[in-house]
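Worksheet: the structure to be examined is printed underneath.
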Amino acid sequence: MAKCDLKLIFERPERRFIVGEEVRGRLSVTVNADCKCDALTVECLWETHGRGNRSSGDSQILNLFTGELKAGETHSHEFVFKVPAGPVTYHGELINIDWYIRGRVDVPWAIDPKIEEDFVVAEPEAADVVLGGGSPLLEPYRGLKADALPADFARALQAQADLSGNPLGKVSLVVVGIFAAFALVFSSIFALVFASDFGFGACLIPGVFSLFVSVVGIKMAWNRFAQKKLGEVEVRFDPAPVGCRGGDRSFFVSFKPPGAVQINAVTAKVSCQEVAVSGSGTNKTTHRKTLSETELELGGARAINADEVVVYEGKASFPEDAAYTFQAPSNSVKWSVFVRVDVPRWPDWTHTFPITLAPRGIVAALESGAPPKTSDPRPLIRPADPEPEVEPAIATKEAPPAEAPKPEASELAAVSAELKTAGFSTDREEIFKRLAGRVWSLTLTVESVGSTSSFDARDETRDGQTVKGSAQGIELGIQFQPERSGEVSAWSAGDEKLIKAELTGFEPLAKMPLFTARG
Amino acid sequence: MIQGLPFAHLNLRRNPFGELPPDARAVLARIDAERYAALIDSAPRFALQFVAHSGRGKTTHLLALHARLGGAYVLIPEDGPTPAIPAGPEPLLIDESQRLPRRQLRRLFRGAARLVLGTHEDHSRELSKAGRPFESVTIAGLDAARLRDMLTARIEAARRGPGPVPRLTGPVLSELIARHGDNIRAIEHALYARVQTMEAPVEISL
């Protein structure tokens with residue numbers, strides 16, 4: 001039998017919430033056996049599930065209780081979380097995005113009792129929402145700036161920005177020529193030197209190599225060939241490459257050919273695709289599913305005069321049940337517009353433009369163009385307002401109200417949760433890279449001090465001391481340089497120390513983040 | 001567009017055959033963990049290696065043993081730097097050990113820690129040379145009973161509440177083995193696609 005049984009009840013039985021609303025509920029703990037509780041936590045987050053590795057985000061954690069639990073007691077704690085601006089609940093083919101409330105009793109040296117319940121997050125439904133207008137339904141999105149957008153949209157926008165600077169297609173034809181010539185010369189020398197020993201085989205390998213290099217080079221410069229006839233081709237979205245469900249987004253394809261040219265057609269394909277990655281390394285598999293695809297003919301065959309400016313208009317339409325753009329490690333939903341200018345007997349000009357489909361409120365924030373306001377500095381988490389009830393069997397226990405954690409504390413909790421849920425060491429490496437150089441101020445309550453020993457320990461902390469304890473309710477370890485061993489060895493359990501440290505590792509057995517002391 | 005609770009129409013919380021995080025795979029693994037644990041504890045420096053092709057369950061075996069025995073689990077990626085292999089915790093569970101550089105592999109085998117290896121290549125020769133007692137387990141082959149056990153565990157782990165859930169019949173299990181052999185990953189992928197389109201908690205058909 002588990003040390004405790006947990007129960008989660010939502011105030012709203014249908015468990016359906018709109019962005020910006022409060023998710024209220026109660027976490028009850030029935031204690032079956034005496035145990036120490038290092039932390040009774042309730043967490044609100046989204047997580048993907050389906051074909052891809054699980055991704056999660058927007059974690060908010062409340063620490064409701066720390067102390068001793070006695071058999072027969074029942075503890076009951078209310079919680080309140082504010083639903084962030086996204087992502088909304090989504091059930092696709094390869095990818096599902098759901099929101100969860102998770103309760104957990106952190107019992108040292110034992111399996112932690114846990115519970116999880118899902119709930120639905122939806123976009124406000126209002127046909128009369130006016131972009132940029134004063135509707136209260138846009139309230140959750142007001143004042144959003146790019147770095148305060150939901151993380152999945154911020155990642156999607158960054159991916160768009162990265163793609164717009166795509167170096168492919170900007171490679172000079174001269175470079176391609178030099179590269180191909182080098183490959184040919186190298187291959188010829190190889191064949192001449194080894195022909196007597198290997199005969200035909202000596203020509204086969206360098207021949208394949210030359211062909212490969214040439215194909216890659218030509219592919220990289222394909223659009224450069226096309227622009228020799230068409231001039232620079234520009235594609236512009238009006239006013240931005242974003243769209244809403246049930247809406248349209250106009251785009252314009254324009255060019256001014258340097259000489260007279262005939263074109264067959266200008267077409268566009270608007271498509272939405274789910275991409276899910278499972279496994280890692282050689283076991284990594286990328287699964288793709290096209291959810292929708294619409295072909296548009298922007299213009300038919302025609303002759304264009306030299307220096308004539310031509311503009312084609314297209315309209316990308318999004319159905320009412322279209323999937324929103326989503327971007328997370330191993331899981332993404334991508335909308336794109338693939339444009340082709342078909343030139344007879346000549347390489348076609350082609351390019352793929354990502355487009356972001358977002359809830360109306362986020363589109364309004366992206367399109368507003370007004371100087372962004374500073375996002376609300378208050379944390380999204382609020383403490384439970386009423387005093388929690390206790391139904392004792394043997395003794396009465398009064399649970400103190402949960403405190404709203406400081407902003408860095410909630411970020412520490414989120415990073416710790418991210419490390420714990422990261423399934424592969426390569427996923428954790430991504431987290432370390434992201435936070436490299438960031439120095440955290442940690443008020444550490446010391447639990448134990450020991451020697452740092454590791455088969456491949458970091459050079460700077462080898463032969464030093466590792467202190468384990470908790471900071472802001474999160475269990476972690478901090479590794480110190482050997483020159484601080486004298487100071488650190490004198491610390492005792494229960495001491496509180498303010499330490500500046502950088503996140504550098506993860507202890508898989510104890511499931512705790514590891515830091516390296518800085519200064 | 002109104003979304004309900006995920007897979008509630010099947011009395012499930014999620015598609016049982018989606019990708020599982022490592023800790024869930026360890027819990028749901030159907031392996032003889034006690035027998036392997038006894039082997040690992042049978043001698044100092046003992047090494048147990050699971051040899052198999054992709055998709056047969058090497059990683060699941062390692063994760064299940066990690067959950068049972070503790071120690072340190074390390075997955076060696078194909079690309080990028082080799083992660084640090086910690087000293088101290090035992091046993092050391094090294095997944096995709098064939099990717100380790102030869103020098104590091106020799107150093108690991110010469111060390112004192114008990115090892116559990118998941119590998120595409122048989123390390124018997126190197127383990128012998130390092131003077132380690134070891135046992136090799138080749139993971140291959142699958143019968144309908146074992147497959148039913150594994151897949152039913154996945155369905156039950158995704159159950160939402162009391163009542164019927166999608167179920168598998170003998171003929172369907174036999175057909176899965178006929179189509180995919182012992183490639184458990186391919187079987188899971190096939191069932192994932194099937195469950196995604198189900199409208200009620202009935203027998204899963206192919």
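Note on naming: letters A, B, ... go to the chains in the order of the sequence lines (proteins, then strands), and numbering restarts at 1 for each one. Predicted, not measured: the structure shown is a model, and the values here were computed from it.
- Between A:Glu116 and B:Arg160 there is no salt bridge, since no side-chain N of the basic residue sits under 4.0 Å from a carboxylate O of the acidic one.
- With a 4.5 Å cut-off on non-hydrogen atoms, B:Phe7 touches chain A through its side chain but not through its backbone.
- A heavy-atom distance below 4.5 Å is not found between the side chains of A:Ser278 and B:Arg185.
- Taken to the nearest 0.5 Å, the CG atom of B:Leu5 stands 5.5 Å off from the CZ atom of A:Arg15.
- Ring planes of A:His287 and B:His189: perpendicular class, angle over 60° (limits at 30 and 60°).
- With a 4.5 Å cut-off on non-hydrogen atoms, A:Asp118 touches chain B through its backbone and its side chain both.
- A 4.5 Å side-chain heavy-atom check between B:Arg13 and A:Glu117 finds at least one atom pair inside the cut-off.
- For the atom pair OG1 (B:Thr197) and CD (A:Glu93), the distance works out to 9.0 Å, reported to the nearest 0.5 Å.
- With respect to the salt-bridge test (charged N to carboxylate O, under 4.0 angstrom), the residues A:Arg51 and B:Glu188 do not qualify.
- For the atom pair CD (B:Glu19) and CG (A:Leu94), the distance works out to 12.0 Å, reported to the nearest 0.5 Å.
- No more than 12 heavy-atom neighbours from other residues, nucleotides or ligands sit within 6.0 angstrom of CD on B:Glu199.
- The closest side-chain heavy-atom distance from B:Pro6 to A:Asn96 is not below 4.5 Å.
- For B:His9, the NE2 atom is densely surrounded, since the number of other residues' heavy atoms within 6.0 Å is greater than 12.
- In this structure a side-chain-to-backbone donor-acceptor pair under 3.5 Å is present from B:Gln196 to A:Gly92.
- At a threshold of 4.5 Å between non-hydrogen side-chain atoms, the residues B:Arg14 and A:Glu47 count as touching.
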